[in-house]
J.: 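Before I ask anything, let me first share the structure, which is written out below as C-alpha cells.
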Amino acid sequence: MKQTLEALLKHAVDALQNEGVLAKDLSINIIIERSRDAQHGDFAANLAMILAKHAKMNPRVLAEKLIAALPDDNAVSKVDIAGPGFINFFMDASAQFDILKVIHEQGADFGHSQVGAGKKVQVEFVSANPTGPLHVGHGRGAAYGSVVADLLTAVGYNVQREYYVNDAGRQMDILATSIWLRYLEECGEPVRFPENGYRGEYVRDIARDVYRNVNNDYRRPFDLVLENIPADESQGGDKEAHIDALIARAKVLLGDGYADVFRAGLTTILDDIRDDLHEFGVDYQHWFSEQSLVNDGSVAKALAKLKASGHLYEKDGALWFASSTLGDEKDRVVKRENGQYTYFASDIAYHMHKLERGFDKIIDIWGADHHGYIPRVKAAIQALGADADKLHVLLVQFATLYRGAEKVQMSTRSGEFVTLRQLRDEVGKDAARFFYVMRRSEQHMDFDLQLATSKTSDNPVYYVQYAHARVCSVFRQLVEKGLPRDLLSGMEFINKLTEEHEAALLSTLARYPETVERAALSYEPHQLILYLRELANDFHTYYNSHQFLVDDANLRDARLNLISAVRQVLANGLKLLNLHAPESM
RNA sequence: GCGCUUGUAGCUCAGCUGGAUAGAGCAUCGGCCUUCUAAGCCGAGGGUCGCAGGUUCGAGUCCUGCCAAGCGUGCCA
C-alpha cells in the first residue's frame, strides 16, 4: 500500500516538475510513513515540508498543489493537509480488508520477502572457546545471532550460519594440561593444581573418561612433572609462566598422548556445546576450525598476501601488520618473537577465507568487549584488497542476571558461572530466547530469572503465546458448539468488520511484513518482539470487548477470518523467533 | 589520556533513522469473571529525554563541548 502511495506522489511530483513549479533536477526521496494517530489518517507524507524550501513556497500551499496533481485511486478515500504541511492519506475501508485474503493465501509465508534477492550472507556467532560449557553471556549472542540469521533468511538472503572453533590457541593447551593434571589425580598422584588452570567440574569428568580409556598409560610421577617448573603465583612466582611451563612439560612427557588428551577435551566440550545450542534452537551449517587454517597453510598464505602488498614489516624480532595506515590505532603483531602466530594472524586468515567463499555480506557477532578489535579486522580486509564494508560487526552486550532484586554473581575463572544449560533448565528455552532478544543487542540488559519464570501477566513471553492459544481456543469452542464456519462467506461479508478494534487489528496485521523487513535489515530482532506484543495486545483488547461466536453467521465468519489471520501472524512471528506457538495453555 | 558504547517515568526498556500531544511493561492506586481461557481487559497518577549550546519550518533523534557509567587501549584470546 505504501508503494501505491509513493507511486501516486511520484506522479504528482513529475507533473509539478513539468509545470515548472518544482525544479527538474531536484533529487526527491519520497517517504511514506504510517500515521501514529488515527486522526491523521492511515499514512502520511512529509514531502511538502521537505520541498518547501527548494520551491520557495509555503509547505501547506505546496501540499495543496501536490494533492491537486495526485491521480485518482480507488484505494484512497480522502487526502488531507494537516499541521505544518503533512499530507495525510485515508485509505478506503475495503482496501484494508485485502490483507486478510493475503494472509490467508500466503499462510506461513506471509511476511517473507525477496529483498535479499538470494545474496549470500554469512552469520558467524557464539564462537566461544571450546574450553568449557557455554555460560549465560554466550546465550544472548546465540539467541541474537540465530534470530538475525532467521530474519535474513525470511527476507530472501541465502544465509549460512557458522561457528568459529578456536581450537588452536594457548587456552586449549591450558585446558588439555588441566585435564591431564586432573587425570593424574585420578591415578593417585599428589597434584598441586595450577592457579591458572581450568577448575570446573567438567574438567574432572573428562579426566575420568581419559582414565577409563587408558588407565595408567599417561601417568607420570608428579615430582617429575614439576621438576624445574617456575613457581605458581601463590608460591611467589608468575602464574602465566607456571602454566606455560606445565604445558611444555606435558607435551614432552606425554609425547603422542598429549594430542589424545587434547582431542578428548576438544571433542567432549564441542559436542556439549553443539548439543546445548541445538536444544536452545540454534543450529549451524558449518563449524569452522581455527586449527585447519594453520594446518592447510592459510595463515601463511594470508600473511604472504599482506607481505606482497607491502603491509608487513619486521621489528624487534616480530612480524607486524601496518594496520595503523588503514584506520587502526596502532600496528599489530601477527607473528611473535618466539615464531608463533598470534590469534589475530589466524583471524586475518579466517576473514580471507570468508572473502574467498564469495559472501556478499559477512556478519560477525561479537561480545561488546571486543569492539576495539573491529578496526584491525577491517584494516586486514582492506589490506587483502577487499571492501571493508562487506564486514558487519554486530556487538552484543552481556546480560546481568538477577533473581528478583538480587544480582547473581559470576566469575568464569573460578568456575562459578551460570551455564546456558542451567538457565534453560530454570526458565525454559522459550523464555530465555525471548528475554535475550527483547532488548536492543547493544543495550546492557538485566535478565530477571524470577520474571522469566513467572506464569503471570508480568511475563511478556506468555502474553504473546497466550494470544495465540486464545484464538485456537475460540476455534475449539466453535466445534464444541457445533457451529459451522464458512471461510468464503466470511470474506464476502468482511465489510461487517466495522468496529474500531477490528480496524486497529487490520492495520497492525498489515504492518507485519514491513516489520520483519526492518528488523532483518537493521539486525534488530527486538522490533519483531515489540510488534508481537502490540499485535497480542490488540487481540486481547478485541477479545475482551467483543464476542466472536455471535448468532449472525456472516459476522461470525468475518470475525473468525480476522482472528484466524491474527493467529497466523502470531504463529509466523513466533516461528521466526523459534518459539512455540501453543494451541492451549 | 585516547577510542567505542550507553544515559528517556520509581524500575526494565521502546521510540519506525529529523515529524504532529515522547510510548509500553512492571511497580502504585481504582474498576471488570453467570458470557469464546482473568496467563486477559479498562482507567488514573507518574517526564527539565544527563547538562549547555548549535543546525532548521520542526531535535529524544544530527553537530560541538562538558558530566556520568561500562568496555577497550597486550608479542592474551
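Note that the structure is a prediction, hence the values are computed from the model and not measured. Labels below follow one simple rule: chain letters A, B, ... track the order of the sequence lines, proteins then strands, and each chain is numbered from 1.
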J.: Whole Å only: how far is the NE2 atom of A:H468 from the P atom of B:rC36?
T.: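 In whole Å, B:rC36 P and A:H468 NE2 are 20 Å from each other.
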J.: Rounded to the nearest angstrom, tell me the gap between atom CD in A:E524 and atom C1' in B:rU61.
T.: 14 Å
J.: Could you check A:H40 against A:H540 and say which one's nearest nucleotide on RNA chain B is further toward the 5' end?
T.: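 Closer to the 5' end of RNA chain B: A:H40.
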J.: In whole angstrom, give the distance that lies between atom CG of A:N46 and atom C1' of B:rG58.
T.: 11 Å
J.: Of all residues at least two apart in sequence or in a different chain, which pass the salt bridge (Lys or Arg N to Asp or Glu O under 4.0 Å) check with A:D448?
T.: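 Result, salt bridge (Lys or Arg N to Asp or Glu O under 4.0 Å) vs A:D448: none returned.
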J.: Could you tell me how far B:rU64 sits from B:rA59 if I compare only their C1' atoms? Round to whole Å.
T.: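 To the nearest whole Å, 15 Å.
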J.: Got a sec, which residues hit salt bridge (Lys or Arg N to Asp or Glu O under 4.0 Å) with A:R476, two or more places apart in sequence or on another chain?
T.: none
J.: Taking protein heavy atoms under 4.0 Å as touching, what does nucleotides 4-10 of chain B look like 5' to 3' if B marks base contact, S marks sugar-phosphate-only contact and - marks none?
T.: BSS----
J.: Taking ring pair (Phe, Tyr, Trp, His ring centres under 6.0 Å) as the test, write out the residues that go with A:F43, two or more places apart.
T.: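 A:F43: no ring pair (Phe, Tyr, Trp, His ring centres under 6.0 Å) contacts found.
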J.: For B:rG3, take OP1 and OP2 only and decide whether either is under 4.0 Å from a side-chain N or O of A:K330.
T.: no
J.: Taking ring pair (Phe, Tyr, Trp, His ring centres under 6.0 Å) as the test, write out the residues that go with A:H546, two or more places apart.
T.: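 Counting only residues at least two positions away or on another chain, A:H546 forms a ring pair (Phe, Tyr, Trp, His ring centres under 6.0 Å) with A:H501, A:Y542.
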J.: Strictly below 4.0 Å, N to O, side chains only: are A:E514 and A:R34 in salt-bridge contact?
T.: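 The answer is yes: the pair qualifies as a salt bridge.
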J.: Expected output is a numbered-order residue list: members of residues 335-346 of chain A with a heavy atom under 4.0 Å from any atom of RNA chain B. What is it?
T.: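 Correct list: A:R336, A:E337, A:Y343.
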J.: Let me check I have this right: for RNA chain B, each base becomes ., (, ), [, ] or |, based on Watson-Crick or G-U pairs with both distances under 3.5 Å. What is the full string?
T.: (((((((..((((.....[...)))).(((((.......))))).....(((((..]....))))))))))))....
J.: Let me have the donor-acceptor pairs involving side chains of residues 366-376 of chain A, under 3.5 Å, with sequence neighbours excluded, atom names and distances please.
T.:
none

J.: What is the separation between atom CD1 on A:I529 and atom C1' on B:rA14, rounded to the nearest whole Å?
T.: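 Computing the A:I529:CD1 to B:rA14:C1' distance gives 12 Å.
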J.: Considering only B:rC36, B:rG19, B:rA77, which nucleotide approaches the side chain of A:Y373 most closely?
T.: B:rA77
J.: Nearest whole Å is fine: how far is B:rG19 P from A:I50 CD1?
T.: 10 Å
J.: Given atom CG of A:N537 and atom C1' of B:rC41, what is their separation to the nearest angstrom?
T.: 9 Å
J.: Is the aromatic ring of A:F86 within stacking range of B:rG19, meaning centres under 5.5 angstrom and planes under 30 degrees?
T.: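 No.
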J.: Pairing donors with acceptors under 3.5 angstrom, does anything connect the side chains of A:S346 and A:E290?
T.: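 Yes, because at least one side-chain N or O of A:S346 sits under 3.5 Å from a partner of the opposite role on A:E290.
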J.: Nearest whole angstrom, please: distance from the P of B:rA14 to the NE2 of A:H526.
T.: 6 Å
J.: Only counting residues at least two apart or in another chain, list the ones meeting ring pair (Phe, Tyr, Trp, His ring centres under 6.0 Å) with A:H468.
T.: none
J.: Mind telling me if B:rC33 is syn or anti? Syn here is a glycosidic angle within 90° of 0.
T.: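 Judged by the O4'-C1' to base torsion, B:rC33 sits in syn, the angle falling within 90° of 0.
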J.: Restricting to pairs with a member in residues 546-556 of chain A, which pass salt bridge (charged side-chain N to carboxylate O under 4.0 Å, His left out), not counting sequence neighbours?
T.: A:K496-A:D552
J.: Looking at A:R470, does any N or O in its side chain come under 4.0 Å of the phosphate oxygens OP1/OP2 on B:rA38?
T.: yes
J.: With A:F434, which residues qualify under ring pair (Phe, Tyr, Trp, His ring centres under 6.0 Å), at least two apart?
T.: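 Scan of A:F434 (ring pair (Phe, Tyr, Trp, His ring centres under 6.0 Å), adjacent residues dropped) gives none.
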J.: Taking the same atom, P, in B:rC41 and in B:rG46, what whole-Å distance lies between them?
T.: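 One P to the other, the span is 23 Å.
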J.: If only side-chain N and O atoms count, and only distance matters, is there a donor-acceptor pair under 3.5 Å linking A:Q465 with A:D430?
T.: yes
J.: I want to confirm an ordering. Mapping A:K315 and A:S584 to their closest nucleotides on RNA chain B, which one lands closer to the 5' end?
T.: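 Here A:S584 is the residue nearer the 5' end.
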J.: Taking salt bridge (Lys or Arg N to Asp or Glu O under 4.0 Å) as the definition, give me every residue that meets it alongside A:E534, ordered by chain and number, with sequence neighbours left out.
T.: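 A:E534 satisfies salt bridge (Lys or Arg N to Asp or Glu O under 4.0 Å) with A:R511 only.
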J.: Taking only the C1' atom of each, what is the distance from B:rA44 to B:rA27 in whole angstrom?
T.: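 Here B:rA44 and B:rA27 have their C1' atoms 14 Å from each other.
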